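As the structure is a prediction and not an experimental result, all values here were calculated from the model. Both counts, for ligands and for their atoms, begin at 1 and track the order of listing. For the single chain, residues carry numbers from 1 onward in sequence order.
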Amino acid sequence: MKVYARFSRPGDERLRRRLERLAAAPGLDLAPLPPLPRGEEDDATPTLHITRSGLYLTLGAAKLFFHPGMALLRVMRARRGEYDRFLSLADVRSGDTVLDATAGLGADALVAAWAVGERGRVVGTECAPLVFALLRDGLENFSTDWPGRGCGAKGESLAELGRAAERVQAHRAEHTEFLRALPDGAVDIVCFDPMFRSTVAEAAAMQALKLWSSPVALGAEAVAEACRVARRRVVLKERRGSGEFARLGFHLPAQGGSKVCYGVIKRD
Ligand SMILES: C[S@@+](CC[C@H](N)C(=O)[O-])C[C@H]1O[C@@H](n2cnc3c(N)ncnc32)[C@H](O)[C@@H]1O
């Protein structure tokens, strides 16, 4: 996929290394942003901005970037002993190996990596090249980009998330192929959070993600492979009332009135 790169600080060694790592990301064709005259801008090719305050991708008004905000909020709540529906229904435990088969920009993967602790790990697969590049860059630079941006419980949670980010191993891979290559019972939990089937009004970040992510529906073969590979749970996140749960054989535990639900297949 062709992407323009806009590099804000040519003399910054850390940013240069970051750019080189991005240029080597699978499936990306990174080219310097050409100096196009006004009115002749290339509005079909996204631009990746590499700046000291972070990395972001733009196309017109759409903007996509790695941000730990949602994971941070969930970890701060979980540290206070509050319930996290994903961690509870997926039955994530300390020391587990979790495969996040639709890693996206890593919020669930980070929360899972925090929950499994130092003895556990999270493997994430993401097939869309640009999303994967942002995810890998965000995870690899988490500890320099984020800790220090908060104090008290927020600062502590960011520091813990920084260590959790190191436990997430991201792969640019299509999940069915990735799962096929794993032995039986290789992980404790496999989770799927594919792009929702039905479209409704969505937040700007989700609209931007839609531009560069894979819209393909979760396949029955991926679920069958996940059931072979998971020792304890296979979990699917979808909209409440989605036919995907029944089509793919997921049981829906009671979970209040939320618009989003988790379907579960127990393997133990
Ligand atoms: C809704 S997002 C996941 C968000 C993620 N759970 C989070 O917390 O940030 C779904 C992601 O799954 C990816 N995806 C869809 N089908 C896939 C497949 N077959 N293999 C790997 N990734 C896939 C999409 O490209 C997209 O980035």
**Request:** Kindly confirm or rule out an N or O of Ala107 lying under 3.5 angstrom from an N or O of ligand 1.
**Result:** yes
**Fill in**
Quick note on ligand 1: atoms under 4.0 Å from a heavy atom of Ala128 include exactly 25 (O)
**Request:** Below 4.0 angstrom from a heavy atom of Gly106, which ligand 1 atoms are there? Numbered from 1 as shown, please.
**Result:** 9 (O)
**Fill in**
The protein heavy atom nearest to atom 8 (O) of ligand 1 is Asp108 N, 2.9 Å
**Message:** I want to confirm something. Looking only at heavy atoms, which of Arg74, Lys237, His171, Glu126 is nearest to atom 27 (O) of ligand 1?
**Reply:** Glu126
**Message:** Tell me which one of Val123, Val122, Ile189, Val234 satisfies side-chain contact (heavy atoms from CB on, under 4.5 Å) with Leu99.
**Reply:** Val123
**Asked** Looking at Glu174, which atoms of ligand 1 are within less than 4.0 Å of one of its heavy atoms?
**Response** 18 (C), 19 (N), 20 (N)
**Message:** Any nitrogen or oxygen of Asp100 lying under 3.5 Å from a nitrogen or oxygen in ligand 1? Just yes or no.
**Reply:** no
**Prompt:** Using 30° and 60° as the class limits, which term best fits the ring planes of Phe86 and Tyr262: parallel, tilted or perpendicular?
**Reply:** tilted
**Item:** Residue and atom name of the nearest protein heavy atom (relative to atom 4 (C) of ligand 1), distance in Å to one decimal
**Value:** Asp193 OD2, 3.4 Å
**Item:** Nitrogen or oxygen of Cys127 less than 3.5 angstrom from that of ligand 1
**Value:** yes
**Request:** Report whether Leu19 and Leu64 are members of the same hydrophobic cluster (ILVMFWY, side-chain heavy atoms less than 4.5 Å apart, transitive linking).
**Result:** yes
**Prompt:** Arg232 side chain to Asp91 main-chain N or O, any donor-acceptor pair under 3.5 Å?
**Reply:** yes
**Check: Lys63 and Leu57 side chains under 4.5 Å, non-hydrogen atoms** = no
**Request:** Could you label the plane-to-plane angle of the Phe142 and Trp146 rings as parallel, tilted or perpendicular, counting under 30° as parallel and over 60° as perpendicular?
**Result:** tilted
**Message:** Looking at Arg79 and Glu160, is there a salt bridge between them, counting it only when a charged N and a carboxylate O are closer than 4.0 Å?
**Reply:** yes
**Subset of ligand 1 atoms that lie under 4.0 Å from at least one heavy atom of Leu105** = 9 (O)
**Item:** atom 3 (C) of ligand 1 - nearest protein heavy atom and its distance
**Value:** Thr102 O, 3.3 Å
**Item:** ligand 1 contacted by Ala101 (non-hydrogen, < 4.0 Å)
**Value:** yes
**Request:** Check each of Met206, His175, Lys210, Met195 against atom 20 (N) of ligand 1 and report the one with the nearest heavy atom.
**Result:** His175
**Prompt:** Ser213 heavy atoms, cut-off 4.0 Å: which ligand 1 atoms fall inside?
**Reply:** 24 (C), 25 (O), 26 (C), 27 (O)
**Sub-6.0 Å ring centroid separation between His251 and Phe245** = no
**Request:** Please determine if Ser214 has a nitrogen or oxygen closer than 3.5 Å to a nitrogen or oxygen of ligand 1.
**Result:** yes
**Prompt:** Is it true that Ala103 lies under 4.0 Å from ligand 1, counting heavy atoms only?
**Reply:** yes
**Prompt:** Are side-chain N/O atoms of Glu177 and His175 paired as donor and acceptor at under 3.5 Å?
**Reply:** no
**Request:** Run the salt-bridge test on Arg233 and Asp268 with the 4.0 Å N-O cut-off and return the result as yes or no.
**Result:** yes
**Sub-4.0 Å heavy-atom approach of Ala173 to ligand 1** = yes
**Glu238 vs Val260 side-chain heavy atoms within contact, under 4.5 Å** = no
